[in-house]
*Asks:* 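The structure follows.
Any value given below was found using the heavy atoms of this structure, including those in side chains, with hydrogens, waters and symmetry copies removed. For ligands, and for the atoms within them, numbers begin at 1 and follow the listed sequence.
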Amino acid sequence: MHTKELSNKRIAKTRTSTTTTAFAFNWFGLGNNDSEGADQNSSIGITNTQQKDFVSSDWLSNLPSFATKGSESADIVIIGGGVSGLSAAITAAEAINKNQQKKNIILLEANEKLGGRVTSEKTDDGFVLDVGFAVFIEEYPEVKKILDYDALELKQFLPGAKVKLKGRKELARVSDPLRNPLDIVDSVLSPIGSLLDKVKVLPLVLNVRLSSIEALFSEEETDTETALIERWGFSDNFTNTFLKPFLEGIFLTPLSQQSSRMFSFVFKMFSDGSAALPKGGMIAVTNQLVEKAESLGVQIITEMPVTRVLTSGGKDNDNIIIECKGDTQRCFETSSVVVATDGRIAKKIIGNVKGFESLKDIPDQPQLSVGCVYYAFEGKAPVKEPILVLNGMTEDNEPVNNVCFPSMVNEGYAPEGYNLCSVTILSEAMTLYKNRPDELDQAVRRQLGCWFLDYQSDIMDKWELKKIFYVPKAQPSQYNGPFPASFNGARSSTNFFGKELPKGFFVCGDHMATATLNGAVESGVRAGTDVARAALSIPIQNAVLAE
Ligand SMILES: Cc1cc2nc3c(=O)[nH]c(=O)nc-3n(C[C@H](O)[C@H](O)[C@H](O)COP(=O)(O)OP(=O)(O)OC[C@H]3O[C@@H](n4cnc5c(N)ncnc54)[C@H](O)[C@@H]3O)c2cc1C
């Protein structure tokens, strides 16, 4: 089904809204309009994707439920329509269908749009802007099982990267001779890293290629900086010019705060397969999951923020009451609920449930942020290949971490004859330019002008600034926090922060596994399997669902 048809269908199903990005608000105020409240000289402000926190605050959580009458009943309710919630819905629906049973599954999403952190916007003139630069890693084992790759019309990045180095006009190339033996000469001659560094890459690549994911997650955990220097023996030069910008662009935090296990896992994914982009942007991933869930009979209701979840303590049934308060007020009653929001909101929702108040005392898992600036232009891109370009001069404190031309990877990102440039800005620089989008734009243009000298005047004058996104909660930090990265089936969906959840409660989300698309799917599938077992009254621990 076409994207447009999909969204039309959902709008018809729920009440209509006059806003397009219901809960995204501008950095400068709370307006939905891009330029609202922006710097006077600025034509485009910074779009902050932070959504309102809908969950009732502490003092409200003790009030009696408004669900006196008129609650709608459901067999399973899933809270959150991101990748994990959609994966849970699909898995539960499939399992129930396989058992030739019929159960009413409702998914409640606060936002107008589904997909959570996996989303894109299409501009009126035909450019696709992913909300924050993201890549689709084809090797993710759980993602492979749930998505139809052909339908996504994926196109691959060239492996490796180009790097802007100090004092060099030409961009340097980092290639992967193990995947493309013809790159061996380029690799040896590349100014990035010494010959010794290049030799030392070999055992690292072999380790990740030959080890299972489970084995990588059993490696001794340390921070990535220590692992790169002490475990793998790389020089400061190699680390700072290539690994640092590459990994900071992925994990959004300094190397000293990244998990070495996550490094090994993601490095394996990049070594075993390709990074790619779907034709319709990352939102194509969401749309496919939505289509699948709806075809399995899942009822999806958007703009339906859950404010409180209560157990019907005192009554002799085990029902769970789910209150929603958007523009309208609705209430659902169920015996099984999957909380598929991000970890911080999940903690608030479950912390409001009787007996779980102590969760509120646990500090929130730190959230990592990122920015993304988009430019559109007519004609050729400054790179000939679909490749990532990294800032190898991180000590210079300039805003750009990496640049990519999504339309060079997949032509679906720009109309014919045009190109799209995506520029990733890490949190420190986003904070620096917080109220100064024009200055950020100018700084990015100046920096890129020095990277792509032949295009300098075009970049300064002809590239059209399309949008600046700031994503304040792009991913939870997974090193040294209360929820380190977990693999091998992810955490149990019935246990949250070490506390066994009440009967009928399940949790999923990237915070329960790895903060990746794979982690969201992996944990969603697990919660979906468990909730289906509960709904089918099959014991969770022992039963095997019918294949
Ligand atoms: C800019 C960016 C780039 C990324 N790049 C990559 C990448 O290249 N590769 C990769 O593997 N991963 C990447 N990620 C990470 C990946 O996108 C996430 O790990 C994954 O999407 C998380 O999915 P989720 O379902 O766990 O959470 P979310 O996507 O956060 O979904 C939670 C959903 O719950 C909804 N919700 C919240 N509160 C309520 C409520 N009260 N009631 C109802 N609904 C509610 C939210 O609106 C949201 O839709 C990136 C993330 C970002 C932001």
Side-chain angles (χ1 to χ4, degrees), residues 22-24 49-56 77-89 106-120 129-140 142-143 157 249-252 262 265-266 269-270 275-277 282 285-286 289-290 300-309 322-326 337-346 348-349 352 367-372 388 404 422 424-425 469-476 478 485 490 507-524 527:
F23 304 118
T49 66
Q50 172 71 48
Q51 72 174 35
K52 199 178 140 193
D53 210 345
F54 298 97
V55 184
S56 292
V77 172
I78 293 166
I79 304 172
V83 167
S84 66
L86 290 164
S87 304
I106 295 181
L107 184 149
L108 305 172
E109 165 55 48
N111 217 327
E112 184 193 24
K113 272 169 94 172
L114 291 155
R117 280 170 274 162
V118 180
T119 188
S120 323
L129 315 180
D130 290 332
V131 180
F133 174 56
V135 297
F136 186 94
I137 299 176
E138 295 184 335
E139 269 313 295
Y140 277 154
E142 301 307 316
V143 178
F157 281 81
I250 296 174
F251 295 112
L252 314 180
M262 282 301 290
F265 168 57
V266 168
M269 295 296 103
F270 276 106
L277 291 175
M282 291 302 284
V285 170
T286 293
L289 293 173
V290 171
I300 296 177
I301 310 177
T302 52
E303 294 177 89
M304 194 50 61
V306 170
T307 46
R308 192 163 59 146
V309 177
I322 295 158
E323 295 176 349
C324 302
K325 231 185 250 177
V337 61
V338 177
V339 181
T341 63
D342 71 40
R344 200 181 45 88
I345 294 176
K348 277 188 101 174
I349 291 176
N352 279 347
Q367 301 287 318
L368 306 171
S369 61
V370 70
C372 187
L388 187 70
C404 149
S422 143
T424 296
I425 314 285
F469 286 110
Y470 173 63
V471 188
K473 296 191 169 68
Q475 52 172 284
Q478 297 207 293
V507 186
C508 63
D510 64 346
H511 59 103
M512 296 288 282
T514 58
T516 62
L517 202 59
N518 192 69
V521 171
E522 182 189 21
S523 120

*Asks:* At a 4.0 Å cut-off, with the gap strictly under it, does some heavy atom of F469 reach an atom of ligand 1?
*Replies:*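 No.
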
*Asks:* Of all residues at least two apart in sequence or in a different chain, which pass the ring pair (Phe, Tyr, Trp, His ring centres under 6.0 Å) check with F136?
*Replies:*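 By the ring pair (Phe, Tyr, Trp, His ring centres under 6.0 Å) rule, F136 matches Y149.
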
*Asks:* Applying a strict 4.0 Å limit to heavy atoms, is L114 in contact with ligand 1?
*Replies:*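 The answer is no, since L114 has no heavy atom less than 4.0 Å from ligand 1.
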
*Asks:* Touching ligand 1 at all, G519? Heavy atoms, strictly under 4.0 Å?
*Replies:*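 In this structure, G519 fails to qualify as a contact of ligand 1 - no heavy atom is under 4.0 Å.
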
*Asks:* Short check: is a protein heavy atom less than 4.0 Å from atom 13 (C) of ligand 1?
*Replies:*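 Under 4.0 Å from atom 13 (C) of ligand 1, zero protein heavy atoms found.
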
*Asks:* For ligand 1, find out whether one of its N or O atoms is nearer than 3.5 Å to an N or O atom of N111.
*Replies:*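 No, N111 has no N/O under 3.5 Å of an N/O on ligand 1.
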
*Asks:* Backbone or side chain, does any N or O of V306 fall under 3.5 Å from an N or O of ligand 1?
*Replies:*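 For ligand 1, there is an N or O atom that lies under 3.5 Å from one belonging to V306.
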
*Asks:* Which is closest to atom 20 (C) of ligand 1 in terms of heavy atoms, P476, G524, A520?
*Replies:*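 The nearest heavy atom belongs to A520.
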
*Asks:* Excluding sequence neighbours, so at least two apart, what forms salt bridge (Lys or Arg N to Asp or Glu O under 4.0 Å) with E109?
*Replies:*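 E109 satisfies salt bridge (Lys or Arg N to Asp or Glu O under 4.0 Å) with no other residue.
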
*Asks:* Measure the spacing between CG of D510 and CD of Q478 and express it to the nearest 0.5 Å.
*Replies:*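 Atom-to-atom, D510:CG and Q478:CD are 7.0 Å apart.
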
*Asks:* If the contact criterion is a heavy-atom separation under 4.0 Å, does Y140 count as touching ligand 1?
*Replies:*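 Y140 counts as a contact of ligand 1 under the 4.0 Å cut-off.
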
*Asks:* Under the 4.0 Å line, does any protein heavy atom show up next to atom 50 (C) of ligand 1?
*Replies:*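 No, there is no protein heavy atom closer to it than 4.0 Å.
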
*Asks:* Check this for me - ligand 1, R117, N or O atoms closer than 3.5 angstrom, yes or no?
*Replies:*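 Yes, there is a polar N/O contact under 3.5 Å.
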
*Asks:* Does the protein place any heavy atom closer than 4.0 Å to atom 17 (O) of ligand 1?
*Replies:*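 Given the 4.0 Å cut-off, atom 17 (O) of ligand 1 counts as touching protein heavy atoms.
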
*Asks:* Salt bridge or not between D342 and K473? Use side-chain N to carboxylate O under 4.0 Å.
*Replies:*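 No.
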
